[in-house]
Student: 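Here it is, the structure in full.
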Amino acid sequence: MTTARAIDLYIVALPLVRPFRTSFGTSTEKICILARVRTDHAEGWGECVADDGYPGFSGEWIEGAWALLRDVLGPALLGAGDLEADAVEAAFSFVRGNPMAKATLVDAFVDAALREHGISLASWLGAERDHVACGVSVGITDTTEELRAQVDGYLDEGYRRIKLKIAPGIDVERVGAIRAAHPDIRLSVDANAAYTLEDAGVFRALDAYELLMIEQPLHHEDLVMHAALQHRIVTSLCLDESIRSAADAAAAIELGACRIVNIKQGRVGGVLEARRVHDVCRAADVAVWCGGMLETGVGRALNLALAALPGFTLPGDTSASRRYFHEDLTAPFDLAPDGTMAVPRGPGIGVDPDPGRLAAWTTAHEHL
Ligand code: NPG
């Protein structure tokens, strides 16, 4: 049993090495909430993946998550008394939705509880690998030449799968150019919900490029439309934004809305629900992979532990720190030449933010 005694909430801002453009916006900085949960014998860290500025990827955003963490979820955890690590979600069950905000404290509490017992998150979750295969997600560029240069660079570094962001009008031609340059690589695309079923022709055209998957082409709430699209094309659909829980994954699979699921623990309420999504998909023989949301080393460590579970059979968006930051908040995560990354083995998530960098990059702090 573990008891949360104090919580610190931080907002940090880290410059990105290059702007990251998707169909819903462009980020030049990584701005996120970090939580530190102190228990009697340890402290644990969690990272919130909610957007800064406005809710673009999901219905959550930093300012909303901050208020919820400070005024509702934080006090609920501090008032919950003794909890087992795998029962911490119960402290938040009276709050509907808001999985990104909840994940911040679920993950921080689990980290602290595991550190108290000297157990690594990966082994506690049931990981079977000590290295995971890594892919990279390439943002929309101004020109095809720029895109090619970035893709070539990432392939040289060893990444095992390239994912291209697409948006209406910046799709078939771009993908065709990259496929022509690299006929044999594992290539996928991610639309971040920017299309409608009327664009089915775009996806039929993409069938020609033997993509590993087409990720989240349609509206995040529309599983039925995704099922309709999946029937019309050969390439496997993968869902990301649509999957906020294990129940969503079960519904998507039942409807035939996808054949692959992107699991982002920060999007589904933390590592406990992420493991349930993994279990649902594995039971249905649906491949999963670990998504990313430009996390700092804190969130990256969590993602790597999760990605070491046996159902994660495709390379994840678990790229090296240097793909995002000149300097990470934690010790950097590096890509091995074979395109894999080591899963942290230390207690809990196995990494800590550097205190000096945390202090320098913090723009807001709240102590509960
Ligand atoms: O490598 O962490 C990464 C980025 C992977 O493409 C990626 N993330 O839609 O999945 C996504 C996208 C994203 C990033 C979404 C940031 C929201 C915020």
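Remember, it's 1-based here, ligands and their atoms both numbered in the order they're listed. Side chains included, hydrogens not; waters and symmetry mates left out as well; all remaining heavy atoms used.
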Student: Looking at atom 12 (C) of ligand 1, what's its closest protein heavy atom, distance included?
Tutor: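 Nearest neighbour among protein heavy atoms for atom 12 (C) of ligand 1, to 0.1 Å: K165 NZ, 3.4 Å.
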
Student: So, are R345 and D130 salt-bridged, with charged N and O less than 4.0 Å apart?
Tutor: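 No.
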
Student: Other residues, nucleotides and ligands only: do more than 12 of their heavy atoms fall within 6.0 Å of CG on D285?
Tutor: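 Open: at most 12 neighbouring heavy atoms sit under 6.0 Å from CG of D285.
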
Student: Pairs of nitrogen or oxygen atoms closer than 3.5 Å, one from N262 and one from ligand 1: do any exist?
Tutor: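 For ligand 1, there is no N or O atom that lies under 3.5 Å from one belonging to N262.
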
Student: Using the side-chain contact (heavy atoms from CB on, under 4.5 Å) rule, take L69 and T104 through it: C-alpha gap first, then chi angles, then the decisive distance, then the call.
Tutor: CA-CA 9 Å; L69 285 161; T104 320; 4.2 Å; yes

Student: If I apply the N/O under 3.5 Å rule, does M293 come out as touching ligand 1?
Tutor: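 It does: an N or O of M293 is found under 3.5 Å from an N or O of ligand 1.
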
Student: Tell me which part of K163 gets within contact of ligand 1: side chain, backbone, both or neither, using heavy atoms under 4.0 Å.
Tutor: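 It is the side chain that gets close, since no backbone atom is under 4.0 Å.
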
Student: Please verify the inter-ring angle class for Y159 with Y154; under 30° counts as parallel, over 60° as perpendicular, anything in between as tilted.
Tutor: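 If you compare the ring of Y159 with that of Y154, the planes turn out perpendicular.
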
Student: Side chain, backbone, both or neither: which part of D240 comes within less than 4.0 Å of ligand 1 when only heavy atoms are counted?
Tutor: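 Just the side chain.
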
Student: What protein heavy atom sits nearest atom 8 (N) of ligand 1, and how far off is it?
Tutor: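 I find the closest protein heavy atom is G292 O, 3.0 Å.
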
Student: Under a 4.0 Å heavy-atom limit, does T318 contact ligand 1 with its side chain, its backbone, both, or neither?
Tutor: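 Neither; nothing of T318 gets under 4.0 Å from ligand 1.
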
Student: If we check side-chain contact (heavy atoms from CB on, under 4.5 Å) with I11, which of these qualifies: D52, I62, T362?
Tutor: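 Among the candidates, only I62 passes.
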
Student: Taking the side chain as everything from C-beta on, heavy atoms only, tell me whether W124 gets closer than 4.5 Å to R275.
Tutor: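 Side chain of W124 against side chain of R275, heavy atoms only: contact under 4.5 Å found.
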
Student: Of all the non-hydrogen atoms in the protein, which one sits nearest to atom 6 (O) of ligand 1, and at what distance?
Tutor: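 Heavy-atom neighbour on the protein nearest atom 6 (O) of ligand 1: S137 OG, 2.6 Å.
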
Student: Do ligand 1 and N192 have nitrogen or oxygen atoms that lie under 3.5 Å from each other?
Tutor: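 Yes.
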
Student: Going by the order shown, which atoms of ligand 1 are within less than 4.0 Å of some heavy atom of F24?
Tutor: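 Heavy-atom distances to F24 below 4.0 Å select 15 (C), 17 (C).
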
Student: Within a radius of less than 6.0 Å around CD of E254, do more than 12 heavy atoms belonging to other residues, nucleotides or ligands occur?
Tutor: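 No, CD of E254 has 12 or fewer neighbouring heavy atoms, counting only those of other groups under 6.0 Å.
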
Student: Answer yes or no for T22: is there a heavy-atom contact with ligand 1 below 4.0 Å?
Tutor: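 So T22 does not count as touching ligand 1.
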
Student: Taking side chain to side chain contact (heavy atoms under 4.5 Å, CB included) as the definition, give me every residue that meets it alongside P168, ordered by chain and number, with sequence neighbours left out.
Tutor: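 Result, side chain to side chain contact (heavy atoms under 4.5 Å, CB included) vs P168: A194, Y195.
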
Student: Can you tell me which residue among R115, R357, R36 is in a salt bridge (charged side-chain N to carboxylate O under 4.0 Å, His left out) with D352?
Tutor: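 Passing option: R115.
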
Student: Within the 4.0 Å heavy-atom shell around D190, which atoms of ligand 1 are there?
Tutor: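 Counting from 1, the qualifying ligand atoms are 9 (O), 10 (O), 11 (C).
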
Student: Just go through K30, K264, R300 and tell me whose heavy atom is the nearest to atom 10 (O) of ligand 1.
Tutor: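 Shortest heavy-atom distance from atom 10 (O) of ligand 1: K264.
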
Student: Short N/O distance, under 3.5 Å, between F57 and ligand 1?
Tutor: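 In fact, backbone or side chain, F57 has no N or O that close.
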
Student: Backbone or side chain, does any N or O of Y324 fall under 3.5 Å from an N or O of ligand 1?
Tutor: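 It does: an N or O of Y324 is found under 3.5 Å from an N or O of ligand 1.
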
Student: Do any nitrogen or oxygen atoms of L294 come within less than 3.5 Å of a nitrogen or oxygen of ligand 1?
Tutor: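 Yes; at least one N/O pair falls below 3.5 Å.
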
Student: Does a sphere of radius 6.0 Å around CZ in R160 hold more than 12 heavy atoms from other residues, nucleotides or ligands, not counting ones at 6.0 Å or beyond?
Tutor: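 Yes.
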
